[in-house]
Amino acid sequence: MGLLGDDQAFARALTRQEYEAFLALGPRRSLPADTGLMVEGDRSTHVLLLLDGWATVSVSTDRGATRLILGIRGPGELLGELAALDNRPRSATVRALGPVEAVVVPGDSFRRFLAVNPRIGALVMRQLASRLRSADSERSALASMTVLRRLAARLVELSTVNGTGPYTPAGPSDRRGRKPPTAVVHLPQDELAATVGATREAVAKALRLLRDQQVVRTGNRRVEILEPALLKLLADGADGGTGERRAADRNL
């Protein structure tokens, strides 16, 4: 499973000259949290280069009102390139997790830029291939892993990223002397559910099980990781004393 991707962000793979040339292709925009940057099925063809902030990439599901988050994109990442290249409707919805700043590049300008910069065109194609492989991995996980294991794997993944967005490093112990978290994931339960392809109720049950075992501590729009080693064991498929088999029996 992987929402964040293992490849280097698009902007970081560019030379300074290439980066400055790309920035000149379109205007900079500052957008508030929860803004819909792109909409699944829309016929727009512009691309976005995120300069600051984070965004989710999601698709609708057969259940109608629910959605599945395919990725979380951060600074330096390119969004919307598929529709710009094939001129077909958007394959996913992109929404700002918090305030974002981005360069908005028209689709025709993007295509001309790639035509005269074949090295950058190869980078874009490699990124598309990587995201396709990630989507295949996500589908496999949905078919073969329990909600509890998918949630554990997602929390492990998200808790490895520090900085702005939905991830922060550990803080000090609180005034009651409780064990400090190793990391904190700032996402509400409905967003966590969308990242693992499960209902909010199923994710709430899985979090309750992890809380009972003191692997995590939850709060308002946050999950504190207390035992990363146990969480990693569960994500890798080991029972680890956390009761995955019991949870699976309850259809989690």
Side-chain angles (χ1 to χ4, degrees), residues 1-6 33 53-58 66-75 97-98 134 137-138 140-142 144-252:
M1 298 178 72
L3 288 183
L4 303 174
D6 298 324
W54 295 80
T56 60
V57 181
S58 65
T66 60
R67 62 196 178 99
L68 174 65
I69 292 180
L70 299 177
I72 297 179
R73 310 297 182 218
L97 266 178
S134 178
S137 175
E138 289 295 315
S140 175
L142 285 172
S144 62
M145 295 166 62
T146 66
V147 171
L148 181 60
R149 186 177 171 192
R150 297 203 306 270
L151 178 63
R154 192 63 76 212
L155 290 173
V156 167
E157 179 190 15
L158 296 180
S159 66
T160 61
V161 179
N162 296 332
T164 58
Y167 335 100
T168 59
S173 300
D174 63 22
R175 281 181 287 184
R176 288 179 288 179
R178 295 184 300 179
K179 181 177 182 177
T182 62
V184 181
V185 175
H186 295 274
L187 282 177
Q189 287 189 11
D190 57 343
E191 292 282 345
L192 275 177
T195 69
V196 297
T199 65
R200 187 180 186 278
E201 292 75 15
V203 166
K205 290 178 182 178
L207 283 172
R208 185 163 58 246
L209 182 59
L210 293 175
R211 279 198 311 271
D212 290 345
Q213 299 295 328
Q214 299 182 358
V215 177
V216 305
R217 185 165 59 227
T218 59
N220 184 28
R221 299 175 64 90
R222 59 191 280 131
V223 180
E224 302 175 3
I225 312 300
L226 303 177
E227 296 290 348
L230 289 178
L231 196 65
K232 181 68 164 57
L233 279 174
L234 182 58
D236 291 340
D239 191 356
T242 59
E244 182 184 10
R245 295 190 184 96
R246 293 195 301 274
D249 291 341
R250 295 172 188 159
N251 296 319
L252 285 182

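Everything quoted here is computed from the prediction, not taken from an experiment. One is the number of the first residue; the rest follow in order along the sequence.
- Rounded to the nearest 0.5 angstrom, Leu187 CG and Ile72 CD1 are separated by 5.5 Å.
- Between Ala235 and Arg149, the shortest heavy-atom contact is O-NE, 3.0 Å.
- Atom CG of Leu233 sits about 9.5 Å away from atom CG of Leu231, to the nearest 0.5 Å.
- Across every non-hydrogen atom of Ala204 and Gln189, the tightest pair is CB-OE1, 3.4 Å.
- In summary, of the residues considered (Leu151, Val215, Asp212, Leu148), a side chain to side chain contact (heavy atoms under 4.5 Å, CB included) with Leu207 occurs for Leu151 alone.
- Taken to the nearest 0.5 Å, the CZ atom of Arg73 stands 10.0 Å off from the OG1 atom of Thr56.
- Of the possible donor and acceptor atoms, none in the side chain of Arg154 sits under 3.5 Å from a partner among the backbone N and O of Val196.
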Test side-chain contact (heavy atoms from CB on, under 4.5 Å) on Val223 and Val184; report intermediate values, then the result. CA-CA 6 Å; Val223 180; Val184 181; over 6 Å; no
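- In this view, Arg222 and Glu224 satisfy the salt bridge (Lys or Arg N to Asp or Glu O under 4.0 Å) rule, not counting sequence neighbours.
- Listed by chain and number, the residues in a side chain to side chain donor-acceptor pair (under 3.5 Å) with Arg221 amount to none (sequence neighbours excluded).
- Here the shortest heavy-atom pairing between Pro75 and Gly53 reads CD-O, 3.4 Å.
- Closest non-hydrogen pair, Thr182 versus Leu226, comes out as CG2-O, 4.4 Å.
- With rounding to the nearest 0.5 Å, the separation of OG1 in Thr218 from CZ in Arg211 is 4.0 Å.
- Between the CG atom of Leu155 and the OG1 atom of Thr195 there is a distance of 7.5 Å, given to the nearest 0.5 Å.
- Contact detail for Ser159 and Ala183: the closest heavy-atom pair is O-CB, 3.6 Å.
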Please determine whether side-chain contact (heavy atoms from CB on, under 4.5 Å) holds for the pair Leu192 and Asp190, giving the CA-CA distance in whole Å, both sets of side-chain angles, and the decisive distance to 0.1 Å. CA-CA 5 Å; Leu192 275 177; Asp190 57 343; over 6 Å; no
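- Annotation: the span from Leu230 atom CG to Lys232 atom NZ amounts to 12.5 Å, rounded to 0.5 Å.
- When every heavy atom of Val203 is checked against every heavy atom of Ala193, the shortest pair comes out as CG2-CA, 3.6 Å.
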